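All values reported here derive from a predicted model rather than from experimental measurement. Every chain is numbered from 1 and lettered A, B, ... according to where its sequence line falls, protein lines coming before strand lines.
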Amino acid sequence: MELWSEISKDQKKFLNFLLGNSGSSWNSGGQQSSFKSSINDNEGSSWKSGSGDFGLRGGKRGELLCAVSSKWSGGRGSRGRGGYRTSFNSGFFFFPQEGNGDGVTAGPKVVYVPPPPPEEESSVFAHYETGINFDKYDDILVDVSGSNSPKAIMTFEEAGLCESLSRNVTKSGYVKPTPVQKHGIPIISAGRDLMACAQTGSGKTAAFLLPILQQLMSDGVAASKFSEVQEPEAIIVAPTRELINQIYLEARKFAYGTCVRPVVVYGGINTGYTIREVLKGCNVLCGTPGRLLDIIGRGKVGLSKLRYLVLDEADRMLDMGFEPDMRKLVSSPGMPAKEERQTLMFSATYPEDIQRLAADFLKTDYLFLAVGVVGGACSDVEQHIIQVDQYSKREQLLELLKTTGTERTMVFVETKRSADFIATFLCQEKVPTTSIHGDREQREREKALGDFRSGQCPVLVATSVAARGLDIEHVQHVVNFDMPSSIDEYVHRIGRTGRCGNTGRAVSFFNPESDTPLARSLVKVLAGAQQEVPSWLEEIAFSAHGTTGFNPYGKVFASTDTRKGGSFQKEPPQPAVQNTSAAADDEEWE
DNA sequence: TCTCGAT
């Protein structure tokens with residue numbers, strides 16, 4: 001009831017609209033008088049009565065599975081301007097339970113309840129079933145460039161891991177190293193800087209965690225007791241909260257029962273809590289850029305002992321959005337110069353300009369490791385492109401989801417607003433849907449991911465917050481409801497499915513009105529992955545080229561070392577989705 | 001446009 005009283009008229013109106021209550025409409029804005037309020041300011045009871053109409057599925061009574069942003073857009077509201085309203089922050093989509101009001105959190109101050117302590121061995125090693133088909137890895141070609149690269153290892157024994165570490169590796173279900181690990185582990189152990197090009201899910205997290213942890217342990221590093229400043233030996237950064245948490249969970253597994261303590265920090269959760277966790281002792285600090293810079297700036301984290309700096313999804317970390325933060329990080333007081341530390345970068349895509357930029361962070365003799373997935377693994381993703389116009393997308397999506405049934409499907413959209421919009425729409429159509437994007441509260445984001453992972457909500461509507469790195473088992477379908485603006489992003493998105501031995505399908509809605517700039521590189525990617533290229537798409541690709549002569553999105557991703565002279569001297573192994581062959585040279589189109 | 005600190 002208290003919850004109810006915090007909701008403004010606009011929000012009630014919106015809710016009534018969603019509930020299908022008569023007389024309600026949601027596009028009017030500013031026409032308060034014509035709105036016949038069926039939800040009364042003083043009555044909370046009408047919540048329950050209407051809830052059944054809103055696509056409630058499964059779960060406990062009173063729990064709304066459809067989830068939309070808690071910072072929702074009020075459209076052109078009565079204040080005469082649109083945009084996001086940030087004043088209202090509580091998740092008003094949580095319906096009160098009957099009986100006591102426990103579990104209902106209202107108001108902007110939501111206290112994040114962290115997961116149970118890591119000491120429980122069963123919870124540390126609880127992992128989702130890995131669909132890894134190890135035999136397939138033998139077909140993967142690998143290219144290392146740079147001088148004096150160390151010899152690859154063939155087994156985990158050769159990695160020279162200490163007893164507790166190798167025990168944890170076994171317990172985590174790792175049997176033999178993947179190609180990134182075979183090459184990456186000795187490179188990192190040898191103290192070299194590394195730029196590695198490999199798809200997430202190919203084992204790259206372990207590839208950098210294991211040698212780092214091994215080195216720290218053999219040096220006898222141990223987490224210090226609680227102190228006012230912590231000086232971690234390694235810092236790992238990633239572009240999204242969920243991704244860095246995934247990396248942290250891996251680190252926690254490998255470091256289990258050792259003296260090395262990994263800690264994760266990111267925004268959206270109580271700052272005091274994060275700082276206390278860090279101050280308890282911290283050797284490997286995992287974080288998103290914002291919160292990381294925050295606690296460094298507060299003097300809670302010193303950098304004088306730092307030896308390893310890892311950038312996951314490095315191309316993203318160095319693009320427009322994050323580059324300033326990364327420069328700030330490496331120029332933070334106490335940060336060892338690049339010659340004094342070891343810098344490691346990982347990503348599935350490396351645009352050439354980003355590679356050149358990355359040189360600012362790496363020693364000049366860094367090694368470049370390219371792992372190409374040969375045919376099998378990646379042609380496991382069937383790619384379909386469907387021509388649509390803006391207004392038929394929703395219906396087409398609905399049709400499509402009827403064929404996918406309860407199989408897990410990720411639907412990518414371009415904006416946070418449309419993520420909410422589509423999620424709400426699907427819920428109304430009785431499709432159990434959840435959503436994830438940057439305007440949702442962290443607790444909601446994690447619940448959404450959890451519900452999707454568990455299959456409770458087989459459909460996840462997401463912005464590109466979920467495009468990279470997230471390792472979710474059994475995602476059978478990816479739908480690009482909106483085409484991404486770059487081909488790299490397309491590759492990352494469809495990479496959420498068909499992971500390691502599983503098959504997947506990616507369906508993309510191509511709207512010639514808006515997506516034409518992508519046509520050319522899309523055709524190349526499709527052809528490269530031996531997928532059928534629709535003739536209409538080919539035509540668009542050709543004519544787009546003819547008219548403009550310059551394609552702003554023609555920037556292509558590369559898995560080739562730019563130091564090789566800028567041109568691609570070597571034909572990439574087998575055209576695969578994330579390989580360059582499809583996008584390598586423009587000449588064929590000239 | 002998206003991601004990323006709270007205030």
Side-chain angles (χ1 to χ4, degrees), chain A residues 69-71 73 82-84 86-89 107-112 235-247 264-275 278 285-301 311-329 332 347 349 354 410-422 435-443 445 449 461-470 480-493 496 511 514-515 517-518 552-553 555:
Chain A
S69 173
S70 43
K71 289 178 199 168
S73 163
Y84 284 90
T86 49
S87 58
F88 181 78
N89 226 0
K109 295 225 185 312
V110 175
V111 180
Y112 173 68
I235 287 184
I236 301 167
V237 288
T240 68
R241 297 167 182 176
E242 286 73 19
L243 182 53
I244 199 65
N245 198 43
Q246 189 175 292
I247 294 168
V264 69
V265 302
Y266 51 79
I269 69 176
N270 188 294
T271 312
Y273 168 79
T274 347
I275 292 177
V278 169
L285 181 56
C286 311
T288 45
R291 182 58 65 92
L292 204 53
L293 289 171
D294 185 14
I295 60 173
I296 291 173
R298 289 170 190 239
K300 301 298 179 188
V301 167
L311 274 63
D312 200 17
E313 303 298 335
D315 61 332
R316 190 78 167 93
M317 301 312 297
L318 296 175
D319 79 4
M320 272 195 324
F322 283 112
E323 194 207 333
D325 280 351
M326 296 320 295
R327 295 217 177 264
K328 209 164 158 189
L329 179 62
S332 294
S347 181
T349 55
I354 297 287
M410 290 179 88
V411 179
F412 283 103
V413 296
E414 198 55 23
T415 66
K416 294 178 277 201
R417 281 189 64 169
S418 54
D420 279 347
F421 187 66
I422 299 301
S435 73
I436 186 166
H437 62 71
D439 269 355
R440 300 201 68 199
E441 286 192 17
Q442 192 53 30
R443 194 167 36 66
R445 284 167 61 159
L449 212 52
V461 180
T463 59
S464 40
V465 68
R468 284 165 176 269
L470 288 186
N480 283 310
F481 186 85
D482 297 319
M483 268 306 196
S485 54
S486 82
I487 195 67
D488 304 68
E489 196 71 8
Y490 174 84
V491 171
H492 280 282
R493 285 183 183 181
R496 294 312 99 213
N511 175 7
S514 54
D515 303 328
L518 200 66
Y553 299 97
K555 183 186 78 172

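- Contact annotation: A:T463 side-chain N/O to B:dT1 OP1/OP2 distance is not under 4.0 Å.
- In this structure, A:I296 places its CD1 atom 14 Å from C1' of B:dC4, rounding to the nearest Å.
- A:R445 comes within contact range of the sugar-phosphate backbone alone, with a heavy-atom separation under 4.0 Å but no base atom that close.
- For the OP1/OP2 pair of B:dT1 and a distance below 4.0 Å, the side-chain nitrogens and oxygens of A:S464 include no atom meeting the criterion.
- At a cut-off of 3.5 angstrom, the base of B:dC2 holds at least one donor-acceptor pair with the side chain of A:R316.
- Between the C1' atom of B:dC2 and the CZ atom of A:R468 lies a distance of 11 Å, rounded to the nearest Å.
- The nucleotide whose nearest atom lies closest to any side-chain atom of A:T415 is, among B:dT3, B:dG5, B:dT1, B:dT1.
- Taking the side chain as every heavy atom from C-beta outward, A:I295 and A:R291 approach each other to under 4.5 Å.
- Rounded to whole Å, the distance from CG on A:L293 to C1' on B:dG5 is 9 Å.
- We find the CD1-CD1 distance between A:I235 and A:I296 to be 4.5 Å, quoted to the nearest 0.5 Å.
- Out of B:dT1, B:dA6, B:dT3, the shortest distance to the side chain of A:T271 is found at B:dA6.
- Contact annotation for A:R241: backbone-only contact, meaning every heavy-atom pair under 4.0 Å involves sugar-phosphate atoms and none involves a base.
- A:M326 places its CE atom 13 Å from the C1' atom of B:dT3, with the value rounded to the nearest Å.
- For A:Q442 and B:dA6, the CD to C1' distance is 14 Å, given to the nearest whole Å.
- Taking every heavy atom of both residues into account, A:R493 and A:A467 meet most closely at CG-CB, 3.7 Å.
- Nucleotide B:dT3 holds its C1' atom 9 Å from the CG atom of A:D319, rounded to whole Å.
- Side-chain contact check for A:S486 versus A:H492: every heavy-atom pair is 4.5 Å or farther apart.
- In this structure, A:R316 pairs ionically with A:D319, as a charged nitrogen and a carboxylate oxygen lie closer than 4.0 Å.
- Atom CD of A:E441 and atom P of B:dG5 are 15 Å apart (whole Å).
- Between A:I436 and A:R291, the residue anchored closer to the 5' end of DNA chain B is A:I436, taking for each the nucleotide with the nearest heavy atom.
- In this entry the distance linking OH of A:Y273 with P of B:dG5 reads 16 Å, nearest Å.
- The nucleotide whose nearest atom lies closest to any side-chain atom of A:D325 is, among B:dC2, B:dG5, B:dC4, B:dC4.
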